[in-house]
Amino acid sequence: MRDNRPNSRLLALGSAGALVTATLIAGAVSAPAASAAGRPGPDREAKGAAIAAARAAKAGIDWQDCPADWGLAKPIQCGWVSVPVDYAHPYGKQIKLAVDRIGNTGTKEERQGSLVYNPGGPGGSGLRFPTRITNKNAVWANVAKAYDFVGFDPRGVGRSAPISCADPQEFVKAPKMDPVPDTEADKTAQRKLAREYADGCLERTGQAMLQQMTTPNTARDLDVIRAALGEKKLNYLGVSYGTYLGAVYGTLFPGHLRRMIVDSVVNPARENIWYQANLGQDIAFEGRWKDWEDWVAANDTAFHLGTTRDAVQAKWLQLRATAKKNPIGGVVGPAELISFFQSAPYYDSSWVPVATVFSKYVAGDTKALVDAAAPDPSNTAGNISAENGNAVYTAVECTDAKWPTSWQKWDRDNTRLNRDYPFMTWANAWMNLPCATWPVQQRTPVDVRTGKGLPQVLIVQSTRDAATPYEGAVELHKRFQGSRLITEKDAGSHGVTGLVNPCINQRVDAYLLDGKLDGADATCGPHATPKP
């Protein structure tokens, strides 16, 4: 699932993220305007994937120094892997996927192959993954001795045949509509925007590509990358939406996996993909938002925002009302506030920065909030990236599964949830509403399950994760026989394996380096709580 904060797209992504522009994509609901005629069966796509993988194994990857504008310095190398747009037609139109790598830091004898990473989204780029070695990330130092770190831009993302649904400059303009509707007219306006956004995806991306923006196709791409790397079996690390990609890959290619870690897990049950997943997020985000407010209250000597959760919430509601009446600095309205503040329930690393900005605003410093929360129309590259990430998110989730087309259902479900879980509910609804009028055929999600040859999978999850609620890890654990679940208790940061928690870090190392798992599931205490 997806996060769209500046410079952190990879991280996780909960669909409730990306709200920096959520209200641009809300709108009307009716039956999809168009649908492709019957799809080829999965056997044909499986054969196409095998053909593409064999072709990639023969071609390999022509590794070169990365282009200067990619921001990936030596010794990181970059290259391309060709994949079919449609695996039912493996000899048809091809696109190139951007990949990068850095070699293992240990000896030739220590090397165990490539570790391929997906950060989430849908819409996240994995190309920064090799910088965990160049930046000397201590958490990954042991694993780096044994593995090349390999990242890639999934189909439609960044350098890999990027798709678009709207003009990037229009996409980031502020201020936007308040996500929480006051009237039926507000809802009508949001519905219109959602329909226009869905239509824009078809117009700007084209049906041939849009129809193929699915998780199963990205999983097939992942297998082609495996083959191009010269690996018999894949070592994979997936975070957030990357866990669902891993679950689908493990189902489609169980015998092609060597080791797989999934961190902060999307519930892979068919009925959860994707409408129910987003409703579940609304509940979980409210819980983690309250955790943050409790922490802010406990640190009132630093932030002066109130000594109780209710006091902090009152100041939040006051800020929100002020921004609704007159956007702060002329550019920060309620939608921009949600986009900025939602990072706190996403990541513990945001607790201090968000609380600090909030505290400064209450003390009279408006500039700090504007600098932190306002879009930057002059940041052309960033705006293109933001629009592209949102387009991929929408395209994949809308095409992966059938969504309700009845506005009455959307209205009823979100009105009900908003009563008790108001922090993210309506903003999340508007972000996903283009799926109700999606202009290409929506698929049936893969039935995630254990297949022949599937190795033991390591699952890592915090109990209070907002973007991917804990139940998702439990469900995948049931579906992947022999898997092991590490639970980080009383914690909720999204993305666990990159944090300092020896109880988890040591188990990740043991699995990736030696293939060792505990005889039973493990429960770890929380990582360190942020300090002001």
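Residue numbers count from 1 along this sequence.
- Looking at heavy atoms from C-beta onward, Leu433 lies out of side-chain contact with Leu193 at the 4.5 angstrom threshold.
- Looking at every heavy atom in both residues, Gln169 comes nearest to Lys173 through O-CG, 3.4 Å.
- Panel note: side chain Thr251, backbone Arg449; a donor-acceptor pair is recorded below 3.5 Å.
- Listed for the Arg309 side chain is no donor-acceptor partner under 3.5 Å among the backbone atoms of Ala297.
- Separation of the Tyr241 and Tyr393 ring centroids does not fall under the 6.0 Å cut-off.
- Using a 4.5 Å heavy-atom cutoff, the side chains of Pro334 and Val180 are not in contact.
- A ring-centre distance under 6.0 Å is not found for Trp407 and Trp410.
- Classification of Arg288 and Asp291 as a salt-bridged pair holds, one side-chain N sitting under 4.0 Å from a carboxylate O.
- Judged purely by atom type and a 3.5 angstrom limit, Thr468 has no side-chain atom pairing as donor or acceptor with the backbone of Ser240.
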Hey, mind stepping through Gln342 and Val354 against side-chain contact (heavy atoms from CB on, under 4.5 Å) and telling me if it holds?
-> CA-CA 9 Å; Gln342 57 90 26; Val354 172; over 6 Å; no

Working for side chain to side chain donor-acceptor pair (under 3.5 Å), residues Glu397 and Trp403 | CA-CA 9 Å; Glu397 291 213 356; Trp403 288 70; over 6 Å; no

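- Rounded to the nearest 0.5 angstrom, Asn118 CG and Leu237 CG are separated by 9.0 Å.
- Classification of Arg479 and Asp447 as a salt-bridged pair holds, one side-chain N sitting under 4.0 Å from a carboxylate O.
- Residues that satisfy the ring pair (Phe, Tyr, Trp, His ring centres under 6.0 Å) test with Phe303, not counting sequence neighbours, are Trp295.
- Closest non-hydrogen pair, Val262 versus Val265, comes out as O-CG2, 4.0 Å.
- In this structure, CH2 on Trp351 lies 13.5 Å from OG1 on Thr356, to the nearest 0.5 angstrom.
- When atom types are taken as modelled, the side chain of Gln461 and the backbone of Leu485 share no donor-acceptor pair closer than 3.5 angstrom.
- Remark: the Thr214 side chain and the Asp400 side chain contain no N/O donor-acceptor pair separated by less than 3.5 Å.
- Ring-centre distance between Trp274 and Tyr244: below the 6.0 Å cut-off.
- Under the 30°/60° scheme for interplanar angles, the aromatic rings of Phe341 and Trp292 are found to stand perpendicular.
- For the side-chain contact (heavy atoms from CB on, under 4.5 Å) criterion with Leu279, the lone passing option out of Asn272, Asn428, Asn432, Asn414 is Asn414.
- Between Arg44 and Asp86, no side-chain nitrogen of the basic residue sits less than 4.0 Å from a carboxylate oxygen of the acidic one, so the salt-bridge criterion is not met.
- Checked by atom type and distance alone, the side chain of Thr415 never pairs as donor or acceptor with a backbone atom of Arg412 at under 3.5 Å.
- Between the side chain of Ser406 and the main chain of Gln408, a donor-acceptor pair closer than 3.5 Å is present.
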Would you please test Tyr197 and Asn390 for side chain to side chain donor-acceptor pair (under 3.5 Å) and show each step?
-> CA-CA 11 Å; Tyr197 187 82; Asn390 204 89; 3.2 Å; yes

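- Considering only residues two or more places apart in sequence or on other chains, Asp411 meets the salt bridge (Lys or Arg N to Asp or Glu O under 4.0 Å) condition with Lys187.
- In the model, Asn217 has a side-chain atom that pairs as donor or acceptor with a side-chain atom of Gln212 under 3.5 Å.
- Among pairs with a residue in residues 324-334, those fulfilling salt bridge (charged side-chain N to carboxylate O under 4.0 Å, His left out) read Asp178-Lys324, Asp182-Lys324, at least two apart in sequence or across chains.
- Interatomic distance, Asp221 CG to Tyr87 OH, rounded to the nearest 0.5 Å: 3.5 Å.
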